[in-house]
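From a predicted model like this one, the values you see are computed outputs, not experimental measurements. Within every chain, numbering begins at 1; the chains are lettered A, B, ... in the order of the sequence lines, protein sequences first and strands thereafter.
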Number of protein chains: 2
Amino acid sequence: MTDIARTARPTMKDVAARAGVGLKTVSRVVNEEPGVTDDTIARVQAAIDALGFRRNDSARLLRKGRTASIGLVLEDLADPFYAPLSRAVEDLARAHSTLLFTGSSAENAEREQELTLAFCARRVDGLVIVPASDDHRYLEPEIAAGVATVFVDRPAGGIDADVVLSDNAGGTRDGVAHLIAHGHRRIGFIADQPHIHTAAQRLRGYREAMAAAGLPVHDGWISSGPTTPEHVRAELERMLSGPEPVTALFAGNNRITVTAVRVLANRPAHPVALVGFDDFELADLLRPAITVVAQDPGELGRTAARLLFRRLDGSAGPPSRVELPCRLIARGSGEIAPAA
Amino acid sequence: MTDIARTARPTMKDVAARAGVGLKTVSRVVNEEPGVTDDTIARVQAAIDALGFRRNDSARLLRKGRTASIGLVLEDLADPFYAPLSRAVEDLARAHSTLLFTGSSAENAEREQELTLAFCARRVDGLVIVPASDDHRYLEPEIAAGVATVFVDRPAGGIDADVVLSDNAGGTRDGVAHLIAHGHRRIGFIADQPHIHTAAQRLRGYREAMAAAGLPVHDGWISSGPTTPEHVRAELERMLSGPEPVTALFAGNNRITVTAVRVLANRPAHPVALVGFDDFELADLLRPAITVVAQDPGELGRTAARLLFRRLDGSAGPPSRVELPCRLIARGSGEIAPAA
DNA sequence: TAGGGGCTGGACAACGTTGTCAACAAAGGG
DNA sequence: CCCTTTGTTGACAACGTTGTCCAGCCCCTA
């Protein structure tokens with residue numbers, strides 16, 4: 001029965017037969033090409049309506065060479081951080097009459113490659129990738145074959161390609177400097193796993209800010225690892241105890257910040273200053289309101305998509321690297337002075 | 001130059017020529033079909049590697065009839081509520097070796113139709129749709145032609161199709177009953193525009209709960225309209241003033257809830273009870289913590305996708321309608337007693 | 001009335017792949 | 001030694017569309 005259903009789909013040939021015209025004439029009507037009399041158009045249109053015909057764009061695009069589609073690979077479709085990024089890419093795609101394939105790499109290099117190559121096999125015109133792997137040489141033949149590729153949020157590994165980043169180090173520097181300006185000297189830093197580019201850059205920013213202020217950094221103040229609530233909680237509690245507890249914390253991304261807020265909420269007697277990387281909704285409504293270093297994920301996506309479509313429109317030239325600034329939003333949690 | 005790039009893409013024909021074998025033999029090797037000697041396989045593989053050949057799945061699927069792709073149309077890719085829904089659909093798609101097209105209708109009927117039909121023109125095997133329009137008869141020919149279609153979050157209009165909903169009325173009833181149980185008699189209700197199905201159902205739940213408790217409902221206590229902060233703020237302030245101000249509010253979705261929280265935070269002298277539809281991150285960290293009626297967007301997506309793939313696997317039978325329960329999560333804001 | 005030009009329409013190949021079928025060689029049985 | 005079987009391979013059509021090209025037809029002019 002599935003077969004019947006598939007066979008049931010009318011093609012231009014069916015329309016042509018029913019309208020009593022040639023195949024190409026149907027094509028002309030469907031594509032609104034000139035050179036068909038009104039009378040013929042009407043006959044063809046009637047046949048189209050009667051059969052419920054819809055042009056098969058896959059076949060059309062196979063013939064035409066372009067597929068009018070792009071692929072978006074990100075870390076996790078369910079992560080709110082990427083939602084505005086996706087939407088921005090989608091908006092530009094729509095403006096270019098292009099459809100959007102999406103997929104999550106789940107922070108897994110193999111899955112990223114599998115997804116990306118699946119998109120390439122469908123002959124997407126271009127790719128926007130939030131890398132999960134650090135080796136993208138597998139994309140070389142695709143890029144050589146003309147697939148425009150832009151990396152976002154993290155740079156490509158092993159190949160030279162367009163990339164749009166946030167100024168992770170600079171943003172972190174500002175955030176840590178903010179804590180230092182409010183009198184903190186023992187500042188903890190919890191970030192994502194060190195092989196993730198953004199995490200490494202933020203760690204660099206932290207070290208630079210501490211060094212710029214002439215402050216020492218103890219190993220125990222730094223934690224890089226999974227962002228699971230359990231791990232973050234354990235690391236933070238470790239930093240808050242012992243002989244030299246931290247008086248302030250810089251949280252390396254929004255999930256870490258949220259866990260930190262939960263942990264700190266349970267020990268109101270010992271206020272700890274907090275600055276988090278990434279803004280999040282309601283940060284201003286918490287008490288204290290959370291000071292953050294904000295990226296603009298929508299702008300990341302928009303910039304990447306603009307770059308992509310510029311390439312698709314024929315722009316040549318060497319790969320460009322765009323770095324978007326971050327913005328410190330002081331709300332209170334970063335202004336808490338050290339207790340001691 | 002674009003032309004060169006396009007021409008540059010090697011095809012099976014090129015591989016065959018280079019390996020000195022027939023076209024079909026290349027196809028056999030690529031698809032790992034039996035009946036090719038190891039020696040030939042090696043020669044073909046060498047040619048594939050040398051040319052950087054990758055099979056064109058568009059052409060393949062044109063030939064095969066199925067496209068191994070589905071389309072997901074939702075209201076807004078950037079809305080965090082839909083993020084877990086998308087991810088759930090994606091996960092099932094991956095499990096079925098299917099690629100995912102996504103797009104936002106932006107709550108606009110015309111855009112929904114345009115997107116959906118664009119997906120159909122690409123011959124997606126199936127569709128998951130969060131409807132923005134209330135008339136889906138335009139999909140009849142597509143469904144008849146075999147495009148499996150499942151509606152989520154809101155029902156289809158004018159056609160009979162599979163649909164997965166939350167129990168909006170029941171959830172709202174529970175939420176309003178919760179407020180009544182804590183002594184409230186004048187309860188405000190702010191929801192999305194009335195033509196949106198979920199908003200209408202939630203309004204029904206509100207009325208039912210009030211009626212069940214024998215409480216009157218004043219027109220001034222009900223507001224249906226755009227969910228912009230400005231409008232919600234104005235409506236709420238109106239309800240809170242006047243001769244018979246409300247002592248509690250039911251907020252019809254998470255965006256309304258957030259605005260309400262902001263407004264209420266500015267008038268701490270006059271505490272107002274609040275229950276919101278839809279859970280959101282950090283609701284438990286606000287003071288008071290926000291009591292909500294929670295849907296499970298991931299489960300909505302998962303259920304819809306399961307239904308879809310069951311249809312694609314050949315399941316016949318009449319359209320099914322699944323209604324998922326909502327869950328009241330009491331956190332404090334709903335337990336505030338009326339001041340008067 | 002013959003010839004030319006504009007308009008309308010259709011036949012055919014091509015896009016890159018897969019399914020069908022037949023050709024051919026080597027091997028095995030009588 | 002011939003016939004059959006088995007295994008390997010390639011020619012060809014087909015999927016549904018578009019681009020190229022050519023054939024009619026009508027009307028006009030010389």
Side-chain angles (χ1 to χ4, degrees), chain A residues 3 5-45 47-48 51-68 120-125 145-146, chain B residues 2-3 5-44 47-48 51-68 120-125 145-146:
Chain A
D3 257 58
R6 204 173 307 153
T7 313
R9 191 116 217 176
T11 72
M12 284 194 179
K13 208 160 126 187
D14 302 322
V15 175
R18 178 165 183 126
V21 302
L23 188 55
K24 180 64 208 205
T25 301
V26 177
S27 172
R28 272 192 271 260
V29 172
V30 170
N31 294 301
E32 300 184 330
E33 285 171 30
V36 186
T37 51
D38 290 350
D39 182 56
T40 309
I41 292 180
R43 274 215 322 288
V44 171
Q45 196 58 55
I48 287 176
L51 295 173
F53 167 82
R54 180 171 317 282
R55 178 178 62 193
N56 183 334
D57 272 348
S58 293
R60 165 170 216 251
L61 296 165
L62 167 63
R63 180 65 232 256
K64 283 192 137 12
R66 283 226 163 179
T67 61
C120 289
R122 298 295 177 101
R123 293 295 184 270
V124 293
D125 298 330
Chain B
T2 311
D3 258 58
R6 206 174 305 154
T7 312
R9 191 116 216 177
T11 71
M12 284 195 179
K13 208 159 127 187
D14 302 322
V15 174
R18 180 166 182 123
V21 301
L23 186 55
K24 179 66 209 203
T25 300
V26 177
S27 171
R28 272 192 271 260
V29 172
V30 170
N31 295 300
E32 300 183 329
E33 286 171 29
V36 185
T37 53
D38 289 351
D39 182 55
T40 311
I41 292 180
R43 273 214 324 287
V44 171
I48 288 177
L51 295 173
F53 168 80
R54 181 171 316 282
R55 179 179 62 194
N56 182 334
D57 273 348
S58 294
R60 165 168 215 249
L61 295 165
L62 166 64
R63 182 64 233 258
K64 284 191 132 22
R66 283 225 162 178
T67 61
C120 289
R122 298 294 177 104
R123 293 295 185 269
V124 293
D125 298 328

ask   = Expressed in angstrom and rounded to an integer, what is the separation of A/Met12 atom CE from C/dA14 atom P?
value = 20 Å

ask   = More 5' along DNA chain D: B/Arg43 or B/Arg123, using each one's nearest nucleotide?
value = B/Arg43

ask   = What is the nucleic acid contact for B/Leu61, judged by heavy atoms within less than 4.0 Å: base, sugar-phosphate only, or nothing?
value = nothing

remark   = With sequence neighbours left out, the residues meeting side-chain contact (heavy atoms from CB on, under 4.5 Å) with A/Leu23 are A/Met12, A/Lys13

request  = Measure from the side chain of A/Thr40, starting at C-beta and using heavy atoms only, and say which of D/dT9, C/dG9, C/dT17 lies closest.
outcome  = C/dG9

task = Please list, chain by chain and in numerical order, all residues satisfying side-chain hydrogen bond (donor to acceptor under 3.5 Å, both in side chains) with A/Ser58, sequence neighbours excluded.
result = none

query = For B/Asp57, which residues count as a side-chain hydrogen bond (donor to acceptor under 3.5 Å, both in side chains) partner, sequence neighbours excluded?
reply = B/Arg55

task = For A/Val21, report the nucleic acid contact type (base, sugar-phosphate, nothing); a contact means any heavy atom under 4.0 Å.
result = sugar-phosphate

ask   = To the nearest 0.5 Å, how far apart are CG in B/Leu62 and CZ in B/Arg123?
value = 10.0 Å

ask   = Between D/dT9, C/dT18, C/dG9, which nucleotide gets closest to the side-chain atoms of A/Thr25?
value = C/dG9

task = Return the set of residues passing salt bridge (charged side-chain N to carboxylate O under 4.0 Å, His left out) with B/Arg54 (not counting sequence neighbours), or none when no residue passes.
result = A/Glu142

Please enumerate all protein N or O atoms sitting under 3.5 Å from an N or O of nucleotides 19-26 of chain D, with distances to 0.1 Å.
residue: D/dG19; atom: OP1; partner: A/Lys64; partner atom: NZ; Å: 2.9
residue: D/dG19; atom: N7; partner: A/Lys24; partner atom: NZ; Å: 2.7

key: Nearest-Å distance for atom pair CZ/C1', residues B/Arg66 and C/dT17   = 19 Å

remark   = Quick note, A/Thr37 side chain, CB onward, closest among D/dT18, C/dT8, D/dT9 is C/dT8

Expected list for residues 36-43 of chain A: side-chain donor-acceptor pairs under 3.5 angstrom, two or more places apart:
residue: A/Thr37; atom: OG1; partner: A/Thr40; partner atom: N; Å: 3.4
residue: A/Thr37; atom: OG1; partner: A/Thr40; partner atom: OG1; Å: 2.7
residue: A/Arg43; atom: NE; partner: A/Ala19; partner atom: O; Å: 3.1

ask   = Quick one: A/Arg9 CZ to D/dA14 C1', roughly how many Å, whole number?
value = 19 Å

inquiry  = Quick check on the helix from C/dT1-D/dA30 to C/dG30-D/dC1: what's the angle between its two end axes, five base pairs per end, to the nearest 10°?
reply    = 70°

message = Taking salt bridge (charged side-chain N to carboxylate O under 4.0 Å, His left out) as the cut-off, I'd like each qualifying pair that reaches into residues 17-32 of chain A, sequence neighbours left out, listed once.
response = none

note = Taken to the nearest whole Å, CG/B/Leu62 to C1'/D/dT17 is 8 Å

